Amino acid sequence: MLNEAAILAARGARKAINMEDVEEAATKVKLGPEKKRLQTKEERRMTAYHEAGHAVVSYNLPQMDPVHRVSIVSRGLAMGYTMIPPKKDRYTETQSHLLETIVALLGGRAAEQLIFNEFTGGAASDIDQATRIARRMVVDFGMSKLGPTYLGPQIETTEYGRNFIQPTEVSPEMQAKVDAEIKRIADESYQQALEILKKNKRKLDLVAEKLVEQETIDGDEFQKLMKPKISKK
Ligand code: ZN
């Protein structure tokens with residue numbers, strides 16, 4: 001990462017790496033380089049609402065870490081991105097934080113539905129990630145109505161120390177219940193994201209408009225946008 005930062009500093013004819021170089025290098029390593037894509041006005045607006053959806057939903061969830069940056073500058077495969085890095089290292093995951101992470105991941109799709117009544121393919125990786133977390137909650141962590149039973153494939157250790165995985169010892173009936181639980185978690189989380197955005201529609205508009213205008217909003221500016229306006233009496 002510092003290598004990337006050094007390249008950026010050299011490109012800018014600076015003798016030392018500054019914080020902006022580090023920030024850009026970290027983002028580049030994580031999400032890929034910035035990509036100039038020709039997007040129509042309408043596409044930009046949809047990307048802006050999608051990312052604003054993640055950010056506004058996340059802001060309204062108590063367990064989520066603060067939004068660090070929201071952007072509609074394409075990177076790698078993503079049309080835009082919302083960064084919510086952990087404030088401190090998390091050694092244990094809690095049920096409430098996992099659930100809120102799913103809600104925040106589905107905030108992009110929820111914004112698309114609320115504003116455009118239309119879906120983009122850009123939510124594919126959000127949906128994939130949200131489903132993975134929900135599956136782990138049900139199958140591995142015993143964090144669902146199915147209780148504290150491990151519902152994944154069984155891993156056996158032989159005397160030679162080799163593991164082999166039995167495809168599954170879960171009955172088809174139980175498997176159907178697992179699938180239904182994953183779907184329930186996803187559906188309820190999506191509804192929660194929609195509710196948050198409906199309640200905070202003005203903030204959603206505000207953040208999306210700012211994104212269309214200036215492409216990137218950093219954490220401090222985002223926090224300011226989200227603060228309730230002091231009403232004059
Ligand atoms: Zn997204």
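Quick note: residue numbers are just sequence positions, from 1. Numbering of ligands and ligand atoms starts at 1, following listing order. Every value quoted in this text rests on a predicted model; they were computed, and no experiment measured them.
Note that R109 lies outside the cation-pi zone of Y190, set by a 6.0 Å cut-off to the ring centre and a 45° limit from the axis.
Geometry at the Zn ion (ligand 1): NE2/H54 and NE2/H50 form an angle of 100°, nearest 10 degrees.
Not one N, O or S atom of E51 sits under 2.8 Å from the Zn ion (ligand 1).
When the N, O or S atoms of D126 are ranked by distance to the Zn ion (ligand 1), OD2 comes first.
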Inset, instruction - Let me see the working for R132 and D128 under salt bridge (Lys or Arg N to Asp or Glu O under 4.0 Å), right down to the final yes or no. - result: CA-CA 6 Å; R132 275 169 206 271; D128 177 47; 3.2 Å; yes
Legend entry - Residues R184, K145; criterion side-chain contact (heavy atoms from CB on, under 4.5 Å); working and verdict: CA-CA 10 Å; R184 182 187 63 81; K145 285 179 181 163; 3.7 Å; yes
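The main-chain N or O of V212 is found under 3.5 Å from a side-chain atom of R44 such that the two form a donor-acceptor pair.
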